Every structure is written in structure tokens, then in C-alpha cells.
Amino acid sequence: MHCKERLCISLLQKCRNLKQIEQIQAFVWKNGFKADPVVAGKLILKCAVLIPDSLHHARHLLLHASNPDVFMYNTLSRGLSESETPEDSLITLIEMRRRSLTPDSYSFAFALKVAADLMYLKAGIQLHCQALVYGLNTHLFVGTTLTGMYGECGYLEYARRAFEEMSEPNIVAWNAMLTACFRCDDIKKVEFVFDEMPFRNLTSWNVMLAGYVKAGEVELARKLFMELPMKDGVSWNTMIVGLAQNGHLDEAFGLFRELRRTGMKVNEVSLTGVLSACAQAGALEFGKILHGLVEKAGVGWIVSINNALLDTYARCGNVDMARLVFQRMPDKKNIVTWTSLIAGLAVHGYGEEAIQYFHEMEEYGVMPDGVLFISVLYACSHAGLIKEGCKYFNKMNKVYGIEPTIEHYGCMVDLYGRAGLLQKAYKFINEMPILPNVVIWRTLLGACSFHGNVKLAEQMKQKLSELDPQDSGDYILLSNVYAAAAKWEDVGALRKLMSSHCVKKTPGWSVIEVHRTTFTFVAGGELDEITGQAHEKIREVISRLRIESGYVPETKTVLHDIEEEEKENAVSWHSEKLAVAYGLLRTCKGKTIRIVKNLRICSDCHNVMKLISRVYEVDIVVRDRSRFHYFKDGTCTCKGYW
DNA sequence: TTAGGGTTAG
């Protein structure tokens, strides 16, 4: 090779931006060796893969190259596959044919990766057929990518066939097959392939672990994790994320701490996993610590991390910080970012702001999806924006072509129901093109309960009894309707029915975070030391409220704690009362008490929270199953609307 | 001179 060419290559290896590339290119052309495929290929490689925002230049170069080879096309294809328009990568194969070039295994592998990422099954099948023509489907590299592509698209049988076309699959191919089973949510097949494998490495074990986690088999995952011959960061992350996803929050926190103790590097995956646990638990203080760790680990620029932080702040009741994360994050906001923000604002009752952001998102150029519209409709229903709700419900289908699912219909029923348009909601259900499920009926029952419509509530309960006779919440809602209408005989009859049907009450729990540690209280749970302290305190609080604010406990919702009543236990309290009492005991004056509850807060507890906020001069934030309640100086932001 | 398999957010 000519020494000038060698100089070019060495210079290219060092250059970092488009301008430097252009300078070298000018040098190359001036010296008359632009036709040399090696030098030109290097140029394209640099432009297309290593220098950001210079793909157009790479395309231009290739278009004008007098003697392009397969390598050059492959390089461009790879660059495109990692760009913002990965589908362009598929065109390079057509372009190669036009230039009478024969694609090689790399050409297919890059294109197949794109088909897998975008889940373009049709394109994937076409590529498979073409690979067959060239006899490349048996190639390990191509066969493995084919297996992965079919798995990604959810076609396990095709994946198996592509896998079997390889005569001697290696460990990477076997792992691709295993992953295909995992992607297709078939844990039995994951186990089967795992047993069938002639050799395994840590990746195989990690896929198996992820399989158990995804199938909700926490016990099996835990056992496998303990028995792993060796563990790497992925094993740890899989387990942390798995625990968080399956609701084992305290254990997820514990494992994260253990990971840090091992000295292994915490990365964006472990952090998003543990942040998700934080969001579920409503543990704001721990969330703040994690935010610090995010900065320390240098992963604050990653989109998924920002999304997780945004979601955590919103779900822990700190909307201001959620907004701040959104404003500060790099300009790569995706659909998850916008959904988290809109949903976060919606649960706090900021419906109008949520909708403003929806419009901003449309301008920003992100395509909405079904999940996003659930947040938008939720924002409308929780802020009483009926007209807007209807508008967006129509828009999602007419403008964006998204078919409404049962969740969207549920939001609409909620929208009408909350606003007291009960007949309209009922009519809407009857006109739905899909079969209503228990959630739909329950939503309307809740609205009937809130607006005191006995007749419709009875009808709803009837429907629910046919579909889900064991749900205690439905009995309680109907009972509340009867109680509000002073139909005490019906209340009594319902109570008998409940015990004769052996209806189990969903145990209510509340979590409070005190000095960065979470404490869980369960109504009628074990009487340990902490619960004992909470009991003692709540008795004192209630008597103070009776004296200072004339508090009288509500008897309307008498069925709420039927189990405790049956136990004839005089000291029975809802978990949120215990949590707030414990908060009063342990929280410094002036600090907000934050509670997360798994069920909806009852109206007596709601009243008690209001009174405590005034008498004890403390702000209380309660996240219940439905929304956030901010208690301050005797009032709540939900304005009695929940 | 390009490479294929594992964990993450609504």
C-alpha cells in the first residue's frame, strides 16, 4: 500500500468529527486514490458508524463511489441500523443487488437485526428466503440472528426452524434459541431448551433466571440465583428487577444494597430496577438517594434512567421534582417519558397541565400509543374534563389509528361515572364493541356508590356476582350505597351474604417511610412492637381529635372492617391510620408524612387525615389505589372527589 | 475491515 494511503488510514483512525473527515477526504481526492475501496471504505465506516450525525455524508460517498464493495455496504447498513431511521438499513440490500454485488453473512445479519428490533416479521421472512438462495441460512452468524428475529416477533416455531437449519449450533446460537423462548413468554420451553443444551455458559443461566422472573416464579428464581455457579452484573440486575416487578420491594432494596456491598459496579439497569421498586413503595427519601447514585455512576444522561427517575418522583408525590427531571433531561424524550409525565400529573389531579403536555408531545413529534392514551383519558376523568375526554377517545382511533382496548373503555366509563352521568356510562357500556369485564362493572359500581344510586348499584353488583362473586370490595361499595340511603336491613342482609359466601377481604396495607426505612402496616395484622406503638398513638390522636375538633367516627362504612368486627376486637384500625400515627411518633415537626396504601382510602380515614393535618399542623400525602391526596390545614386537594 | 446470545423505564 502506498505510504500516503497508510497515512490517511492512520489519520482517519484518530479523527473525531465530520470536519476532520472532510479534510482527509479532500486530501484523498486531491491525491487521486479516491477509487481505492479500502481507503474509501474506511472513510465510510468512520462517517457512518463512529461520527454522530454524518450518515448523510456516508450515503453520499457510497452513492458516488466508483468501485464500492460489499464491506462498504455492510458498514453503511450497520451505521443506519443504529441511526434514528434504522429501516433505511434494509434498503442497502436492494442497492447491493442493483450494483450486482453478492451479500454476505454480515449483510444479512445487520438487516435481520433491524427486522428484529422493529419487529418487521414480513421483512424478516423475506430476508430468510434470500439467505436461503445464497445458502447463507446455515451460517452460524445468520442462523443465530434469524432465530433471534423470529423470537423477537413472537414466532417461536419459526425460530426453532431457523435454529435447526444450522448444522452445528454453538453456544451463542443455543442461547439465541433460549432467548427466543423467553421472548415468547414460554417458560416451559425455556426450561426444555435449557435442559436440552449440550453446553451452557453464564448467559444461558441468566436467561433461565430472567425466564423465571418474567413468569412470576420468584421462588424458583431465588433458588437459581443462590445456586448460580458464578454471578455477573446481569445476574444481579435480573434478580433485582425481578423482585421489583413481582412486588417484593423490600427484598429488591436489600439485594441492591448487597450488590453495592460486593463492590460490583452499579449501572443503569440496576438503578432503573431499584427505582421502579421505589416508585411502587412510594419511598421518596430512598429515591432521592438513588438520584444521587445516578449522578455518581455517570448515567444521568440515559433516557431510561431519566424516565425511571421522573416516574419515581411522580409516584412518590413529588411533582415538582418530576417536572424538573423532565425539563433537565437530554433532548431524547420518548413515549415512556411523556406517558410517565402525563400519568404523574393526572394522579395528582393536574388534568389541564397533563393535556397541555400531550399537545406538546404531538408537536415534539413522538407518536402516541395505546398506553399514552390511557394516561390522557385518566387525566380527563380525574379532573372532570368530560368534553376533552370524549375528544381524545375519538382522536386516538380516527387520527392515530389506535384501536381502543378494555382499559380505554374503562377510562370512559370512569369519566362519565365520576361526573355523575351514570345512565350515560351504562349506555356506553352496552354499546361497547367488546365484552365488558369486571373492572368496567366495578368502575360504574364505584360511581353509583359515590353518587348514591341504589338501583343501578344493585344491577352492577348483580353483574359482578356472576363474574367475580368473591371480591370483597364490591360488597363494601354496595353496602356503602345502602348505608348512605339508611337502608340498614339491606346492609345486614349483605353482610350475611358475605359471610355465607366466605368472601375474603383483600388485606389493606399502608407503607410509610421514616428515616429512609419503610414500615408496612396491615389492618388486623400481627401485633409487633411497632404496630403496638402505632395503636397506642392512634388512640391518643383520636381522643384529641374528639375533644379539639368534635370528631365522630363514621359508621356508614361499617362493612369496611368486617373481619375485625367479627373478632370483636375493640382496637381495630385501618392501616393508614396506624401508619399516620407512627408517622406522628417518628417524624420531625414540619416534615411531610407520606403514606402509600394498596386500596382506596375510606371516608372516615380521609376525614381523620384532614383533622390531623389541622390539629397537629402537619402535611400528609396519601397515595391510594386511585390517586394522591394532599392533606393540609384541614383540607384535601381531591376536594372530596376520589 | 464489519459480528451473532443475557438484565432496564410508562
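Everything numeric in this text was worked out from a predicted model, so none of it was measured. Note on naming: letters A, B, ... go to the chains in the order of the sequence lines (proteins, then strands), and numbering restarts at 1 for each one.
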Participant: Please pick, from dA9(B), dG5(B), dT7(B), the nucleotide with the shortest atom-to-atom distance to any side-chain atom of Val172(A).
Facilitator: dG5(B)
Participant: Strictly by modelled atom types, are Asn307(A) and Ser304(A) linked by a side-chain donor-acceptor pair under 3.5 Å?
Facilitator: no
Participant: Out of dG4(B), dT8(B), dG5(B), which nucleotide sits closest to the side chain of Ile171(A)?
Facilitator: dG5(B)
Participant: Taking NZ from Lys333(A) and C1' from dA9(B), how many angstroms apart are they, rounded to a whole number?
Facilitator: 16 Å
Participant: Between the base of dA9(B) and the side chain of Asn334(A), is one N or O donor paired with an acceptor at under 3.5 angstrom?
Facilitator: yes
Participant: Counting heavy atoms from C-beta on, name the nucleotide in dA9(B), dG4(B), dG10(B) closest to the side chain of Thr339(A).
Facilitator: dG10(B)
Participant: If you look at every strand shown and take non-hydrogen atoms under 4.0 Å, does Asp369(A) touch a base, only sugar-phosphate, or nothing?
Facilitator: base
Participant: Would you classify Leu310(A) as touching base, sugar-phosphate or nothing, given that sugar-phosphate means primed atoms plus P, OP1 and OP2, and contacts are heavy atoms under 4.0 Å?
Facilitator: nothing
Participant: Is Leu372(A) touching bases, backbone alone, or none of the nucleic acid, heavy atoms closer than 4.0 Å?
Facilitator: base
Participant: Classify the ring geometry between Trp338(A) and Tyr357(A) as parallel (under 30°), tilted (30 to 60°) or perpendicular (over 60°).
Facilitator: tilted
Participant: Counting only side-chain heavy atoms from C-beta out, which of dT1(B), dG5(B), dT8(B) sits nearest to Phe71(A)?
Facilitator: dT1(B)
Participant: Quick check: any donor-acceptor pair below 3.5 Å linking the side-chain of Thr238(A) to the base of dT7(B)?
Facilitator: no
Participant: Apply salt bridge (Lys or Arg N to Asp or Glu O under 4.0 Å) to Glu95(A) and list each qualifying residue two or more places apart in sequence or on a separate chain.
Facilitator: Arg98(A)
Participant: Could you state the atom-to-atom distance from CD of Glu407(A) to C1' of dG10(B) in whole Å?
Facilitator: 13 Å
Participant: Any base atoms under 4.0 Å from Asn74(A), or only sugar-phosphate, or nothing? Heavy atoms, all strands.
Facilitator: base
Participant: Could you tell me the separation between the CZ atom of Phe141(A) and the P atom of dA3(B), rounded to a whole number of Å?
Facilitator: 8 Å
Participant: Side-chain donor or acceptor of Ser340(A) under 3.5 Å from a matching atom on the base of dG10(B)?
Facilitator: no
Participant: Sequence neighbours excluded, which residues qualify as salt bridge (Lys or Arg N to Asp or Glu O under 4.0 Å) partners of Glu268(A)?
Facilitator: none
Participant: When all nucleic acid strands are considered with a 4.0 Å heavy-atom cut-off, which category describes Leu209(A): base, sugar-phosphate, or nothing?
Facilitator: nothing
Participant: Fit a plane to each ring of Phe373(A) and Tyr400(A), take the angle between them on a 0 to 90° scale, and name the class: parallel (under 30°), tilted (30 to 60°) or perpendicular (over 60°).
Facilitator: tilted
Participant: Starting at atom CZ of Phe163(A), determine the distance to atom C1' of dG4(B), rounded to an integer number of angstrom.
Facilitator: 13 Å
Participant: Provide, to the nearest angstrom, the distance between the CG atom belonging to Leu255(A) and the P atom belonging to dT7(B).
Facilitator: 17 Å
Participant: Does NZ or CZ of Arg257(A) come closer than 6.0 Å to the centre of the six-membered ring of Phe286(A), within 45° of the ring's axis?
Facilitator: yes
Participant: Check this for me: does the side-chain of Asn201(A) come within 3.5 Å of the base of dG5(B) through a donor and an acceptor?
Facilitator: yes
Participant: Find the distance Glu165(A):CD to dG4(B):C1' and express it as a whole number of Å.
Facilitator: 16 Å
Participant: Taking the six-membered ring of Tyr150(A), is NZ or CZ of Arg161(A) closer than 6.0 Å to its centre and within 45° of its axis?
Facilitator: no
Participant: Which is true for Val371(A) with a 4.0 Å heavy-atom rule: it touches a base, it touches only sugar-phosphate, or it touches nothing?
Facilitator: base
Participant: Could you state the CH2-C1' distance from Trp174(A) to dG4(B), rounded to the nearest angstrom?
Facilitator: 16 Å
Participant: Using a 4.0 Å heavy-atom cut-off, does Arg183(A) contact any base of the nucleic acid, only the sugar-phosphate backbone, or nothing at all?
Facilitator: sugar-phosphate
Participant: Give me the residues of residues 99-111 of chain A where at least one heavy atom lies under 4.0 Å from an atom of DNA chain B, by number, or none.
Facilitator: Tyr106(A), Phe110(A)
Participant: Choosing from dG10(B), dG4(B), dT7(B), which nucleotide comes nearest the side chain of Thr145(A)?
Facilitator: dG4(B)
Participant: Show your reasoning for whether side chain to side chain donor-acceptor pair (under 3.5 Å) applies to Asn175(A) and Thr203(A).
Facilitator: CA-CA 7 Å; Asn175(A) 284 339; Thr203(A) 298; 4.6 Å; no
Participant: Measuring from the side chain of Gln245(A) (C-beta onward, heavy atoms only), which nucleotide among dG5(B), dG10(B), dT8(B) has the closest atom?
Facilitator: dT8(B)
Participant: How close or far is atom P of dA9(B) from atom CD of Gln280(A), stated in whole angstroms?
Facilitator: 10 Å
Participant: Determine, for Trp205(A) and Arg200(A), whether the Lys NZ or Arg CZ falls below 6.0 Å from the six-membered ring centre while staying within 45 degrees of the axis.
Facilitator: yes
